[in-house]
Amino acid sequence: MQTRHDARHTTQTLTAPEWWRTAVIYQIYPRSFADASGDGVGDLRGITRRLDDLADLGVDALWLSPFMVSPQKDAGYDVADYCDVDPLFGTLADFDEMLAAAHAREIRIIVDLVPNHSSDQHPWFQEALRAAPGSAERARYIFRDGRGPGGDQPPTNWDSIFGGPAWTRVTEEDGSPGQWYLHLFDSSQPDFNWENEEVREEFRRILRFWLDRGVDGFRVDVAHGMVKDPSFPDWSPNPEAASMGGDSAPAPYWEQPGVHEIYRDWHRLLAEYDGDRALCGEAWVSTIEKTALWVRPDEMHQTFNFHYLETPWEPAALRRIIDDSLRAFGAVGAPSTWVLSNHDVVRHATRLGLTAENPQGTGIGPDFPGLPEPQHALRRARAATALMLALPGSAYLYQGEELGLPEVLDIPDEARQDPTWFRTRGERYGRDGCRVPIPWESDAPAAGFSSSGRSWLPQPEGWGTFARDCQRDDAGSTLSLYRRLLEVRRAHGLGEGTLRWLDPGELPGVAEGQSEDVLALSNQDVVVLANFGATPIPLPPGRHVLASSTELVAESGAPDREDRAPLLPQDAVVWLVSPENVPLI
Ligand code: NOJ
C-alpha cells in the first residue's frame, strides 16, 4: 500500500488535472476557525497558523466562507467591497501569505463569491439610494414602484428566506416614501440586477482579481437565484417543501434559465487561467436531475449535492440518492459531490439523530422535540461520514465535523447573531448552533480558539473535551477516524473509482430478512458494509479491516474460539480489503 505521502504526490499534486473531480474540500468558516488577533473572531492569520493540522488531516482544498469587507449583518455574506479583506479578518497581505502557505502544503484555496446580492453598504447601493428612480445607479439593483394607493404595497408578495417580506421601501432624497428594492435575504442584502451588463462586467473584474492572486476556484453563493422571472409574478410557496429553493414548483426567483449563461461566461473566463480553476455552485435546486444542469460541461465544475445532505439515515433512501446522483451528474460528465454539513444546516452529529422535521436553515434549540442522545447521534454521524467518503467523486467537510462537534443548542438569546433569529422575532433559531468557534486545545482559554479567551458566539460547557489535542493520539477518536478514512480514500483512489453495489443477501452470515438493513458496495479494491439494523452482522472472512466507524463487536459464543468473526454493530460502517483481492461475492 502507498504511504499517504506518496499517494499525495501521485494523485493530488497542485498540477493534477481536473483535481476537483476527486478532491476532499474542507470548509473553513473564518469567523469560527482560529483567532490570531485575540478579538474573539477568527481570522486569516489564525488559518495560516493551523494549516499543518489540515495537512495532517489530509484534505486537498479549503473553501473559505467570505472574509471580504462587510458590515457582517449576515456573517460576511453581505459584501461591501469584493476585492479587499475586512479588517476583522486581516489584510490582503495576510491572504497572500495564507494562500502561499496552503499551496506550499499542496492544499488548494477556494474563495466564496457572493454575486446574488451585495451589502447595503456597498458604494453602488449607496449611490442607488441617492439617485432617482429609473437612473443607471438604481438599474444595478432591483428597484420597483410599489403597488396599491401611493405605492405603499410591495411590488410582489415574495418572502425573504430569513423571514418577513423580500422588499424594503426606501425614502427618496426629498424625504418622500419611494421605491422598493428586492432582497431575497436580509434587508441589508439588496439583490443585484443580473440583466444589467455593468453588473456582469463588475463580477468578471472580481473573478479576475482573485484568480490573479492565485486562488484555485470559487464557491458561488445562491447560484440558483441570480436571475429572476422578468414578469415578477406573485408566488406562494408549497409549505410542505419550502426551503432554500427546495420546492418542486420553483419560485420565480429560483432556477431561472437565465443563470446558465452567466456560468458559461465564467467558465470561459476561468479557462483562460492555468491550473484547472473551478466553480462550485451553491444551488438549492428542486431535483437532482435539474441540479445537474448547473454542471454541464461548459458551466460550473461542481455543485453541492444538497439532496444527499437532506437524505435521512435509511439504507433504501441512501442507495437511491447515491444512484440518482451518480446517474444525473454522470450524464453530463460531472463528478458527483457529497456533503453532510455546512454553516447553514444543523451539524450532522446532531441532525442524524433527530426524529422531528427541521426545515433547512430553521435551526434547533433546547426546546426542539425529540433531541437525540449525543453518543447515539455521533455514532450515526461517524457511520454516515464513512459511507460518504467511500463514494467516488468529490466530498465536502465542514470545520469541526472531524472533531465530532454537535450542534450547540443552548446559545443564550442575547448572544444569537443570525438574521433569521431577528427577522422571525425568535421563532426560528437559525444557524448559530453550527457556527460556534471550534476547540483546539482542551485546557486553553476559549478551548484554544483565541488566546484572549474571547469567542464571538459563546462556546458551551465541555467544548474542550472535543478539542483536537485530546483526539490527536486517541485511536478511537473521531479525528483519528477522519484521518484514516482520508488516508485510505487517497491511497486506494476511491475518489476516481467506480461504485458497484453488492447484494447483502449473499454476504456470508447475513440472515434472511436482515439484508434490507445493510448496504454493501465496492469501490476499487475496497468493500464497504453499512449496518443500519439492530442485529450485528459478521464480517466476511479473510478480509482486512481498513477503517471502521465504530469498534467492532466480538461474536458471542465460545470465547476461546480463535476464528470468531468480528461483528459490525448497528449504525456502523466498515471498509475492508482482501489481501489477495478475491471478489467478495
Ligand atoms: C447561502 C449562504 O451559505 C448563507 O450563509 C447566506 O446567508 C445566504 N446564502 C445569503 O448569502
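Side-chain atoms are counted along with the backbone in the values below, which use heavy atoms only and exclude waters and symmetry mates. Computed from a prediction, not measured in an experiment: that's the story for all the values here.
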Task: Basic-acidic side-chain contact under 4.0 Å: Arg489, Asp60 - done: no
Open item on the list: If I compare all heavy atoms of Asp84 with all of Trp210, which pair ends up nearest, and what's the gap?
Closed with: N-CZ2, 4.4 Å
Task: Results of side-chain hydrogen bond (donor to acceptor under 3.5 Å, both in side chains) for Asp94 - residues two or more places apart only - done: Thr91
- [ ] Verify whether one side chain among Tyr429 and Glu407 offers a donor that lies under 3.5 Å from an acceptor in the other.
- [x] no
TODO: Inspect the contact between Glu261 and Arg296 and indicate whether a charged nitrogen and a carboxylate oxygen are less than 4.0 angstrom apart.
DONE: no
Open item on the list: Assess whether a salt bridge exists between Glu127 and Arg140, defined as any Lys/Arg side-chain N lying under 4.0 Å from an Asp/Glu carboxylate O.
Closed with: yes
TODO: Answer yes or no: is there an ion pair linking Arg219 with Glu282, defined by an N-O contact shorter than 4.0 Å?
DONE: yes
Open item on the list: Working note: Trp158 + Phe232, criterion ring-ring contact (aromatic ring centres under 6.0 Å, His included); need CA distance, chi angles, decisive distance, verdict.
Closed with: CA-CA 9 Å; Trp158 302 355; Phe232 283 77; 5.4 Å; yes
Task: Backbone N/O of Val222 and side chain of Asn116: donor-acceptor pair under 3.5 Å - done: no
Open item on the list: Would Arg138 and Phe143 count as a cation-pi pair here, with the cationic atom under 6.0 angstrom from the ring centre and within 45° of the axis?
Closed with: yes
Task: Qualifying residues under side chain to side chain contact (heavy atoms under 4.5 Å, CB included), relative to Gln72, sequence neighbours excluded - done: Arg31, Ser70, Asp86, Leu88, Phe89
Task: Nearest non-hydrogen partners of Asn305 and Ser336, listed with the distance - done: ND2-OG, 3.5 Å
